[in-house]
Every structure is written in structure tokens, then in C-alpha cells.
Amino acid sequence: KMDALTKKAAEPALTRDGKKIAVCGNIGSFEEGKNAMAHGADGIGLLRTEFLYMNQDTLPSEDEQYERYREILDTLEGRTLTIRTLDVGGDKEYPVLGLGKEQNPYLGYRAIRVGLSKPHILKPQLRAILRTSAAGPVELMFPMVVSCGELRQLKAVLAECRAELENESVPCGNPAVGIMIETPAAAVMARDLAGESDFFSIGTNDLTQYTLAVDRGNPLVAGLYDPLDPAVLRLIAMTCEAAQEKGIPVSMCGELAADGKAAPLLIGMGLEKLSVSSSRIPEIKEILRGIDTVSCRELVGKVLTCSDAAGVHALVGAAL
Ligand code: PEP
Ligand code: MG
């Protein structure tokens, strides 16, 4: 039986002063996609594609990837599907990829670093995403970018894939190409990256870990892991300003987007799309309906002057 909030979640989230905020789902499978829709998702802001490599003896073929993406897109009734390229490494281990153990996996061979050095993994995925984008609104998102150089290399591989598909007369669309901002380097370089990206999505899970030098999975330092630390918030604010200056949309798909306390800050910084675990969509939409963007901006002004996390928490708590 559906509760009242979940029923209401099918409606858009409008702030008190009438600004529409898209609340999308983070998913890692077809079933989770259906669940996101049942919880009122305005789209899928993050499809983690790692599921295609989990418990597999062989790499997924281009056709298989295409079919898996297509079946998700087809459940979205015209809503946008943001497909993130493979984000292996860190704490995510997939034997099928044959990658060895590392001393510092979060600082190691991860995500696009693997893709750029292994075209037999990256190219079939990009081809599958291009093909999927011929069938509906699809966005392509690269994780763990730290520099414009990487983005250019990725776009060059994408252009190669497009040329191949066109040569083969295989239909392909023209997806928006964006990046996750989840490294301090990307946030610092946001102005430059914004000139070469169609959108940004802020990944606060990794951004917090890398900014504060705190392993996101290590309980010994969990007390130091705080996305509301002013160091993290200032990087988020820089990213939003850069995106606004260059006129590209900026969203957030890290866990901070699912924290109701943070919503006024995020809206005050200008985020127009939040992507969260499906079960969080109804409540986040309801919280957004209760806030006003002008007072959110005032709150951000104060929070960005805080010199410690305790100050941020006090201001955010008082604003509730
Ligand atoms: C993030 O880092 O915030 C993010 C959304 O990516 P993941 O959690 O998959 O690393
Ligand atoms: Mg991440």
C-alpha cells in the first residue's frame, strides 16, 4: 500500500516561491529503475553501470550493454536517463576486469583511468550509450575526471565511436556529455571544465573523501567524514558558480543530496536537480516544497563564512 508522501511524489517539487527542482533516482539496475519510477523520480540522475560487470565471467558485449540501457530507458516514459561510464576501482572490485590489488585503491587505477587505458572496455560502452541515446533522452556522464586533458581524451574516444557507428549506419543520438565533480581538482578547475562540458553532477561521496583525506568506508575515521565541512561546501559553491557562469546545468548525485538538512543549502547554491536513492525521493520532494529560494541564498551566504563544521551545523540546524 502506498503512503501519502509516495503518492504525492509523482507530482513535481516546486519550492514555495515556485522554482521547480527535479528529484531523480540513483540506480544500479533495471529493478532499481522501476523502483525509482514508483517513488516519483523525475528521471534517473545516475545509472551506475558497474552492475554489468558484477559476477560475470566475460565482459558484457556492446549489444548486451545496449539492451540493458534500453530496457531502463524504456521504463522512464520520456524522462532523462543519465548513464555514467564504468566506475571500477576504489572499493569496487570486479574480477572480470582482471585488475590487481593496489596499496591505495581510491588513489589508483579507477573509473576513466581504466577506460582510457583499456579501449576494449571503454569503447563498447560508449557505443552502447550512443546507440541508446537514439531512442530517447540520454545523458552521458564521466566519473572521476580531474582535468580538462582527460575530458578531451574521453571526447576524442567518443568521437571515434560516433564515426564508427555512422560508418556502419547504426543509429546513434547526440547525448549531452557531462562530468561528475567528485575530486577537489575538478572543483578547482570547474570554470575550465564547464567550458567543455554540457553539465556537471557533484559527487559528494568522493568529493568529501578526497577533500578531507578521509576514506569513505573506514569506520576509524568516519567521525571526520562530513560533507557539510566548510572545505567541501566551498568547493561545491565554486562548482555551482562556475556552472552558472558558463550557463550549464549543475546537479548533485552524492549522498548529500539525500540529506534533508542540506536541501536549503543546495537550493541556495543554485542546484536545480538532485539525484538520490529512490526511497528518499518522496521526502526530499516534500522538504523542497517547504523552502524558499531567497532565504536559502541568505543561508548560503552565512554558511560560506563558517570556519568550521560545527558552525555550519549550527546554522543549518537553526534554519530547519
Ligand atoms: C559520489 O562519489 O558522490 C558518487 C555519487 O559516486 P559513487 O558513490 O558511485 O562513487
Ligand atoms: Mg564517486
Side-chain angles (χ1 to χ4, degrees), residues 22-29 32-33 36 41 43-54 81-94 97 99 102 104-115 125 139-146 150-151 154 178-187 190 193 197 199-218 222 225-229 231-233 235-236 238-240 243 249-259 262-263 265-266 269 271 273-281 284:
V23 183
C24 298
N26 291 347
I27 65 167
S29 67
E32 288 180 19
I44 298 303
L46 169 61
L47 170 60
R48 292 184 168 103
T49 56
E50 291 79 60
F51 74 102
L52 289 162
Y53 302 80
M54 232 175 261
L81 171 62
T82 304
I83 305 177
R84 182 176 74 180
T85 61
L86 182 62
D87 185 20
V88 285
D91 60 342
K92 299 165 188 155
E93 257 185 72
Y94 302 101
L97 294 164
L99 307 176
E102 292 174 80
N104 279 305
Y106 276 121
L107 302 180
Y109 197 42
R110 206 189 145 177
I112 56 157
R113 298 171 181 182
V114 176
Q125 181 165 39
E139 296 181 340
L140 165 59
M141 179 157 79
F142 292 115
M144 288 296 296
V145 169
V146 301
E150 283 175 342
L151 180 54
L154 290 162
I179 60 173
M180 299 218 24
I181 302 290
E182 55 180 346
T183 63
L193 289 164
S197 306
F199 66 90
F200 283 162
S201 184
I202 302 173
T204 54
N205 308 338
D206 279 308
L207 186 61
T208 303
Q209 141 166 292
Y210 292 125
T211 302
L212 301 176
V214 176
D215 183 331
R216 61 192 256 191
N218 183 342
Y225 182 93
D226 186 0
L228 292 179
D229 189 285
V232 181
L233 292 180
L235 290 175
I236 295 172
M238 279 173 62
T239 301
C240 292
V250 54
S251 62
M252 179 177 284
C253 62
E255 284 302 316
L256 186 61
D259 177 353
L265 280 182
L266 304 181
M269 289 183 191
L271 290 162
K273 173 166 152 184
L274 304 177
S275 194
V276 302
S277 310
S278 300
S279 61
R280 299 288 304 139
I281 295 171
I284 292 297

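As the structure lists them, so they are numbered: ligands from 1, and atoms in each ligand from 1. Along the sequence shown, residues are numbered consecutively beginning with 1.
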Would you confirm whether Tyr106, through its side chain, and Tyr210, through its main-chain N or O, come within 3.5 Å as a donor-acceptor pair? no
Check Leu235, Leu228, Ile236 against Val232 for a side-chain contact (heavy atoms from CB on, under 4.5 Å) and give me the one that passes. Ile236
Of all heavy-atom pairs linking Thr204 and Tyr225, the shortest is O-OH, 3.8 Å
To the nearest 0.5 Å, what is the distance between OG1 (Thr49) and CG (Leu86)? 5.0 Å
Below 4.0 Å from any atom of ligand 1, which residues have a heavy atom? Give them in chain and number order, please. Leu46, Arg48, Arg84, Asp87, Lys92, Arg110, Met180, Glu182, Gly203, Thr204, Asn205, Asp206, Arg216, Cys253, Gly254
Under 2.8 Å from the Mg ion (ligand 2), which protein N, O or S atoms are there? Could you list them by chain and number? Glu182 OE1, Asp206 OD2
Asn26 side chain to Cys253 backbone, donor-acceptor under 3.5 Å: yes
Enclosure of Glu102 CD (heavy-atom neighbours >12, cutoff 6.0 Å): yes
CE of Met141 to CZ of Arg48, rounded to nearest 0.5 Å, is 9.0 Å
Ignoring hydrogens and geometry, is there a side-chain-to-backbone donor-acceptor pair from Glu50 to Gly28 under 3.5 Å? no
Donor-acceptor pair, distance only, cut-off 3.5 Å: does the side chain of Thr183 make one with the backbone of Met144? no
